[in-house]
Amino acid sequence: MAEEIRLMKGNEAIGEAAVRAGCRAYFGYPITPQNELTAYMARQMLAKGRTFIQAESEVAAVNMVYGASSTGVRAMTSSSSPGISLKQEGISYLCGADLPAVIVNVARSGPGLGGISPSQGDYFQSTRGGGHGDYYTIVLAPKGVQEAADLTYEAFSISEQWRVPVLILADGLIGQMMEGVVLPEPIDPATLPRKEWAVGHSAEMHRPYIHVTSLNLVPDALEAANRLRFERYGKIKKELVRYEEIDVDDADIVFVAYGTAARVCHGALEMARAAGMKVGLFRPITLWPFPSARLAGLAERGKRFLCIELSMGQMVEDVRLAVNGKMPVDFYGRCGGNVPSQEEVFAEVKRLMGR
Amino acid sequence: MELAYGHPKSLKPIQTKYCPGCGHGVIHRIIAEVIDEMDLQAKAIITNPVGCSIWADLYFDFDSVQPAHGRTPAASTGIKRMLPDHLVICYQGDGDLAAIGTAEIIHAANRGEKFTTIFVNNAIYGMTGGQMAPTTLVGQYATTAPEGRDPIGAGMGYPIKVCELLATLEGTRYLARGAVNNAVNIRKTKNYIRRAFEAQMRGEGFTMVEILSQCPTNWQMNPAESVEWLEKNMITFYPLGEIKNTLSASASAQAR
Amino acid sequence: MTEKTFMAGFGGQGIISLGQLWVYSAIKEGLKVTFFPFYGAEKRGGIARASVIVSSDEIKSPIVTSADSVVVMNQDSVEIAEKVCRKGGTILVNSSLIKADPARPDAKIVHVPCNDIALKLGDVRIANMVMMGALCKVTGAVKLDKLESILPSFFSSNKRSLISLNIAAVEEGKKAVSG
């Protein structure tokens with residue numbers, strides 16, 4: 001029998017995928033445009049006898065995740081840009097204590113309160129750690145509802161495998177849009193193994209007492225801990241990089257775009273190909289680790305790049321670092337909640353190619 | 001032969017880094033004694049706050065989690081919800097609880113979270129070096145209240161009575177205030193802690209024991225003077241006793 | 001086959017339900033879909049618009065900026081319809097509320113007196129379903145032949161009595177544009 005295709009909003013599909021991944025605890029706080037996700041979790045988690053708390057703030061919510069995660073369960077929080085800023089304190093502590101967690105950002109436009117329309121203006125915050133100290137989080141950027149569900153589901157195991165929080169960077173369009181989605185197999189949280197690094201059940205686990213902390217006042221010891229974590233980051237960079245390429249092989253010019261912007265570029269790519277222009281699309285799925293090596297390889301092969309973002313230009317800096325001056329990297333972006341049309345992006349390609 | 005006195009199992013047999021006369025050591029000890037008496041060492045988890053007692057995990061011999069400043073009740077919420085059969089102790093100082101973490105403690109209490117908060121009130125920021133705390137008394141010197149706490153003239157506000165504040169919330173079941181300035185008060189405080197822990201293990205609502213404690217270093221006095229200062233100044237402002245007890249009747253009888 | 005539809009009206013006219021039922025039916029017919037709504041902060045009376053795409057292939061941009069078909073439910077939305085319709089596209093106009101045609105001589109204008117037909121059937125709130133029937137007939141993109149099995153899960157239990165009325169509205173919408 002074919003898998004059932006359900007019509008779901010991105011926000012709800014993310015929620016359902018988390019429930020199916022065995023998420024044991026969800027902590028949220030209302031903010032548009034991710035409210036359907038919090039409401040979905042309230043219905044599903046409470047009905048299943050799992051933990052749902054509408055916290056008093058985003059700060060409290062992420063620290064509840066910190067507490068829940070320190071017991072070894074799969075825990076999650078979600079918000080939108082201004083709320084994610086508030087969560088950065090907790091994310092830094094999660095990273096310092098090497099705790100897994102899944103954090104969903106259904107991003108909106110900023111800075112400040114900004115607007116509630118889609119934006120990719122949180123790229124820097126997401127890929128540079130976001131809070132204080134030397135650390136990174138793994139960042140996954142879905143392009144639509146199906147991938148939002150798939151990546152959220154997988155985020156829990158990725159986060160546990162690497163003991164690094166995983167950020168799902170979506171945007172208001174992906175959160176609000178409805179598409180068909182085939183959902184992954186449900187996992188019963190009770191079947192997940194207890195973690196040897198988690199607090200609680202010390203007698204049954206036959207282990208010494210555990211102290212979950214990010215505190216380390218001895219410079220040499222803290223440096224050693226940070227170096228160890230960066231060794232892990234090195235492995236993540238080798239093993240986790242993901243991207244999608246469309247019509248790149250023969251392309252003269254390659255779009256670099258993620259999430260919603262990549263969907264628009266794909267539309268523009270079709271228009272360009274129909275007009276006989278050799279245009280390709282490179283879509284990073286992991287924003288951290290960033291697929292720098294692959295982009296460098298494409299630059300070696302003489303591709304030039306056009307980076308399209310729903311921002312004033314953030315990922316373009318990583319593209320330029322990867323390409324390292326070997327080929328031109330151009331940028332076109334819209335911000336403030338505006339999403340460029342594929343016609344607009346196609347016009348930009350034509351302009352660059354002198355057509 | 002019955003053991004009349006000994007080092008609690010739940011407290012490591014090492015010397016603390018706390019200053020001479022500091023109350024944390026005594027408070028650690030009575031917590032550990034109650035845990036031993038209740039045979040809960042293997043089920044105890046403490047969240048130690050940012051402040052002098054951030055080192056609590058060096059001394060307590062059971063699991064611990066160290067959250068961000070003031071977020072201790074939020075982290076304890078996450079832990080206790082996941083491990084309801086464990087004893088979760090949310091250890092907080094006055095800066096952690098009554099300043100940066102005010103939202104977290106009020107809402108955890110209001111939700112009736114089933115962990116126990118041990119609120120150590122020494123009316124000063126200890127670790128950062130003697131700044132004014134929300135519980136600093138009117139007129140009391142602090143590095144950030146160089147002429148003494150002046151509620152109106154310098155706009156420094158008034159000391160917060162946390163037990164009384166939380167007593168208005170329906171989620172709170174047991175709120176008591178003790179002190180560790182003398183043996184009688186230490187013994188009473190230990191009883192409050194026991195009552196709170198027992199209530200937690202029965203799954204009753206939010207429980208908290210506020211403990212008035214000395215900070216001779218930042219109060220700039222010797223330990224003997226500090227216990228006297230606490231008696232004269234703090235206890236007169238922060239009354240000792242069970243501020244709120246709505247625990248089940250059988251439990252109260254048992255405690256007596 | 002790809003049909004990009006832009007739907008516009010005011011809040012309360014059922015634009016969102018229309019779009020959702022359109023793509024829900026399409027999914028049941030084996031098509032890929034995207035539905036992206038945007039509306040004002042008001043619950044009633046603000047703008048209500050949706051980008052709706054059904055396709056036999058993977059859908060690229062979910063934003064409809066060059067629509068194959070446009071559904072216009074009220075006078076205020078005519079201007080946006082004129083802008084968003086592609087050259088030679090189709091504009092379906094709720095002629096009960098819109099008296100002047102959109103200024104797009106290149107487009108095919110289809111008049112559907114949605115409110116009048118809905119009122120005749122007994123409930124003005126099903127004007128959106130009349131329009132969906134017309135859209136089905138004019139574009140042929142979605143057959144709507146599985147609508148009857150979809151509606152029970154779409155409506156809350158206290159509104160299930162309205163299912164046959166909704167089906168009737170869709171049928172009347174089809175008839176209104178078959179002549």
Side-chain angles (χ1 to χ4, degrees), chain A residues 2-10 32-33 36 115-118 143-147 171-182 244 246-247 255 257 259-274 281 283 308 310 334 337-347, chain C residues 2 4-7 15-41 46-68 80 83-87 89 142 146-147 149-151 153-154:
Chain A
E3 300 269 11
E4 190 204 357
I5 302 173
R6 288 168 65 175
L7 178 67
M8 290 185 101
K9 261 192 184 199
T32 307
E36 295 86 354
I116 59 170
S117 299
K143 67 170 179 178
V145 176
Q146 180 68 59
E147 203 176 53
D171 62 50
L173 195 144
I174 289 166
Q176 295 296 321
M177 176 169 67
M178 291 180 105
E179 291 188 317
V181 56
V182 178
E244 182 190 17
I246 298 163
D247 293 344
F255 288 124
T260 293
R263 296 278 293 265
V264 174
C265 287
H266 197 175
L269 180 154
E270 284 199 325
M271 295 175 79
R273 288 274 168 179
L281 168 62
R283 178 174 73 91
I308 306 287
L310 312 186
R334 295 293 303 273
N338 282 315
V339 179
S341 66
Q342 61 186 47
E343 291 80 9
E344 195 176 343
V345 171
F346 177 46
Chain C
T2 297
K4 299 184 181 184
T5 308
F6 191 88
M7 303 180 176
I15 294 292
I16 304 304
S17 308
L18 164 52
Q20 285 184 356
L21 270 173
W22 180 252
V23 294
Y24 202 1
S25 301
I27 278 196
K28 296 292 175 193
E29 294 173 28
L31 298 173
K32 305 262 193 283
V33 307
T34 67
F35 166 79
F36 177 55
F38 33 112
Y39 27 79
I47 58 158
R49 288 167 190 170
S51 277
V52 185
I53 305 175
V54 299
S55 179
S56 46
D57 302 317
E58 185 193 345
I59 296 169
K60 286 83 191 184
S61 174
I63 307 279
V64 175
T65 43
S66 176
D68 302 307
I80 179 93
K83 274 190 203 142
V84 81
C85 187
R86 73 164 165 83
K87 211 168 186 181
V142 182
K146 303 203 168 49
L147 193 59
S149 63
I150 288 169
L151 283 172
S153 63
F154 198 79

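Quick note on labels: first sequence line is chain A, next is B, and so on, each numbered from 1.
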Heavy-atom side-chain contact between Thr34(C) and Val145(A) under 4.5 Å: no
- prompt: For Leu173(A) and Pro62(C), which heavy atoms make the closest approach, and how far apart are they?
  reply: CD2-CG, 3.6 Å
When Leu7(A), Ile116(A), Val345(A) are compared by non-hydrogen pairs under 4.5 Å with chain C, the top option: Leu7(A)
task: Heavy atoms only: give me the nearest Gly180(A)-Ile27(C) pair and the separation to one decimal.
output: CA-CD1, 3.4 Å
task: Answer with side chain, backbone, both or neither: which region of Leu31(C) has an atom nearer than 4.5 Å to a non-hydrogen atom of chain A?
output: neither
field: Non-hydrogen side-chain atoms of Gln176(A) and Phe36(C) separated by less than 4.5 Å
entry: yes
- prompt: What part of Val339(A) gets closer than 4.5 Å to chain C, counting heavy atoms only: side chain, backbone, both or neither?
  reply: side chain
- prompt: Which pairs, with at least one residue in residues 338-347 of chain A and sequence neighbours excluded, count as a salt bridge (charged side-chain N to carboxylate O under 4.0 Å, His left out)?
  reply: Arg334(A)-Glu344(A)
Chain C interface, residue from Met178(A), Arg6(A), Met177(A) that has the most non-hydrogen pairs under 4.5 Å: Met178(A)
message: Can you list everything that forms a side chain to side chain donor-acceptor pair (under 3.5 Å) with Ser55(C)? Sequence neighbours excluded, please.
response: Thr2(C)
message: Salt bridge check, Glu58(C) against Arg263(A): does any charged N sit closer than 4.0 Å to a carboxylate O?
response: no
